[in-house]
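Sequential numbering from 1 along the given sequence is applied to the chain's residues.
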Amino acid sequence: MEVEARRSLADVVRRDLGLTGTRVGCETGVCGSCTVLVDDEPVRACTVLAVQADGQRVETVESLAEDDGRLGPLQQAFQDHFALQCGFCTPGFLMLGTALLRREPAPGRERIRSCVAANLCRCTGYRPIVDAIEAVTR
């Protein structure tokens, strides 16, 4: 697809591709709600120009579901451990957790805590998020 050079990856993903699971919160890269994976690396989609992703694989939270539409393992763990309340920040945490687990299949709690500290959540207090990611490693 062709996009204007000035458009953010978050804007293109949401508006042009209709993948609205990627949230836009602060629009400055601070909150992490817009985190997507670009070639397996987490990036803040609100601060990346869509043209910068040209030729790269972009994954959004929608890609985490099973082929039959059921929740993927990390998504299910978030539900099982009540790791979301309002849900606004959840897609960013899921993408961060996915990237971490791909690099380190069995990270410890401290490593998980360090990873999720990159995103902001005003509801859960982070413990359920850490519990959910840790549960997938068992």
Side-chain angles (χ1 to χ4, degrees):
M1 86 180 353
E2 285 188 34
V3 298
E4 293 177 54
R6 64 179 178 78
R7 293 185 62 208
S8 73
L9 181 57
D11 185 51
V12 170
V13 164
R14 290 181 56 80
R15 292 181 187 206
D16 297 356
L17 300 176
L19 301 172
T20 57
T22 300
R23 310 298 172 141
V24 178
C26 67
E27 296 191 61
T28 61
V30 174
C31 74
S33 295
C34 67
T35 301
V36 298
L37 302 183
V38 176
D39 286 342
D40 291 322
E41 289 299 317
V43 300
R44 309 301 174 124
C46 72
T47 63
V48 173
L49 296 173
V51 295
Q52 291 175 285
D54 186 34
Q56 298 181 64
R57 187 178 75 253
V58 177
E59 295 175 79
T60 67
V61 70
E62 287 88 354
S63 70
L64 301 182
E66 299 292 336
D67 290 339
D68 63 4
R70 288 181 299 122
L71 296 177
L74 186 56
Q75 291 171 309
Q76 187 63 55
F78 266 62
Q79 181 177 347
D80 294 345
H81 291 272
F82 306 102
L84 58 114
Q85 287 181 22
C86 80
F88 192 84
C89 63
T90 304
F93 281 109
L94 286 166
M95 299 314 290
L96 272 181
T98 296
L100 173 64
L101 293 172
R102 285 180 183 170
R103 283 191 307 269
E104 301 174 40
R109 283 186 75 80
E110 286 305 314
R111 179 69 180 110
I112 295 169
R113 267 194 274 269
S114 173
C115 176
V116 301
N119 281 16
L120 299 178
C121 176
R122 297 175 187 229
C123 302
T124 67
Y126 294 89
R127 184 176 180 183
I129 295 168
V130 173
D131 292 344
I133 295 171
E134 183 181 46
V136 176
T137 69
R138 293 185 207 135

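- For Glu104, the side chain to side chain donor-acceptor pair (under 3.5 Å) partners are Arg111, not counting sequence neighbours.
- Around atom CD of Glu27, no more than 12 heavy atoms belonging to other residues, nucleotides or ligands sit under 6.0 Å away.
- Annotation: side chain of Val38 is not in contact with side chain of Val48 (no heavy-atom distance under 4.5 Å).
- Taking every heavy atom of both residues into account, Ala77 and Val136 meet most closely at CB-CG2, 3.6 Å.
- Connection of Val30 to Met95 is established within a shared hydrophobic cluster, with ILVMFWY side chains joined at heavy-atom distances below 4.5 Å, either directly or through further cluster members.
- For the pair Arg7 and Asp16, the tightest heavy-atom approach, listed with the atom from each and the gap, is NH1-OD2, 2.8 Å.
- The shortest non-hydrogen separation linking Leu96 to Cys115 is CD1-O, 3.6 Å.
- No chain of hydrophobic side-chain contacts below 4.5 Å, direct or via other Ile, Leu, Val, Met, Phe, Trp or Tyr residues, connects Leu49 to Leu37.
- Without hydrogens or angle criteria, Gln75 side chain to Leu94 main chain gives no donor-acceptor distance under 3.5 Å.
- Within the 4.5 Å cutoff, the side chain of Pro91 has no heavy atoms near those of the Thr22 side chain.
- Between Arg14 and Thr20 the shortest heavy-atom distance is NH1-O, 2.7 Å.
- Heavy atoms from other residues, nucleotides or ligands lying under 6.0 Å from CZ of Arg57 number more than 12.
- For the pair Pro107 and Thr137, the minimum side-chain heavy-atom distance is below 4.5 Å.
- In terms of hydrophobic clustering, with Ile, Leu, Val, Met, Phe, Trp and Tyr side chains grouped at heavy-atom distances under 4.5 Å, Val61 and Val116 are assigned to a common cluster.
- Residues Ala45 and Ser8 share a closest heavy-atom pair of O-CB, 3.8 Å.
- Applying the side-chain hydrogen bond (donor to acceptor under 3.5 Å, both in side chains) rule to pairs touching residues 81-91 yields nothing, sequence neighbours excluded.
- Leu74 has its side chain within reach of Ile133: a pair of non-hydrogen atoms, C-beta onward, lies under 4.5 Å apart.
- We find the CD-CG distance between Glu66 and Leu71 to be 9.0 Å, quoted to the nearest 0.5 Å.
- Listed by chain and residue number, nothing satisfies the side chain to side chain donor-acceptor pair (under 3.5 Å) test with Asp67 (two or more places apart in sequence, or in another chain).
- Rounding to the nearest 0.5 angstrom, the gap separating the CG atom in Asp11 from the SG atom in Cys46 is 11.0 Å.
- Side chain of Arg23 to main chain of Cys89: no donor-acceptor pair is present (N/O by atom type, distance under 3.5 Å, no hydrogens or angles).
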Open item on the list: Arg44 vs Thr35, test: side-chain contact (heavy atoms from CB on, under 4.5 Å). Steps then yes/no.
Closed with: CA-CA 5 Å; Arg44 309 301 174 124; Thr35 301; 3.7 Å; yes

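- Residues satisfying the salt bridge (Lys or Arg N to Asp or Glu O under 4.0 Å) criterion with Arg102, sequence neighbours excluded, are Asp40, Glu59.
- Each of Phe88 and Phe82 belongs to its own hydrophobic cluster when Ile, Leu, Val, Met, Phe, Trp and Tyr are linked at side-chain heavy-atom distances under 4.5 angstrom.
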Please tabulate, one pair per line, all N/O donor-acceptor pairs under 3.5 Å involving side-chain atoms of residues 123-130, not counting sequence neighbours.
residue, atom, partner, partner atom, Å
Thr124, OG1, Tyr126, N, 3.1
Tyr126, OH, Asn119, O, 2.8
Tyr126, OH, Cys121, N, 2.9

TODO: Report the C-alpha separation of Gln52 and Val43 in whole Å, then their side-chain angles, then the decisive distance to 0.1 Å, and conclude whether the side-chain contact (heavy atoms from CB on, under 4.5 Å) test is met.
DONE: CA-CA 11 Å; Gln52 291 175 285; Val43 300; over 6 Å; no

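- Taking Arg109 as the reference, Asp131, Glu134 meet the salt bridge (Lys or Arg N to Asp or Glu O under 4.0 Å) condition, with sequence neighbours excluded.
- No continuous path of hydrophobic side-chain contacts links Val24 to Leu84 [ILVMFWY only; heavy atoms under 4.5 Å].
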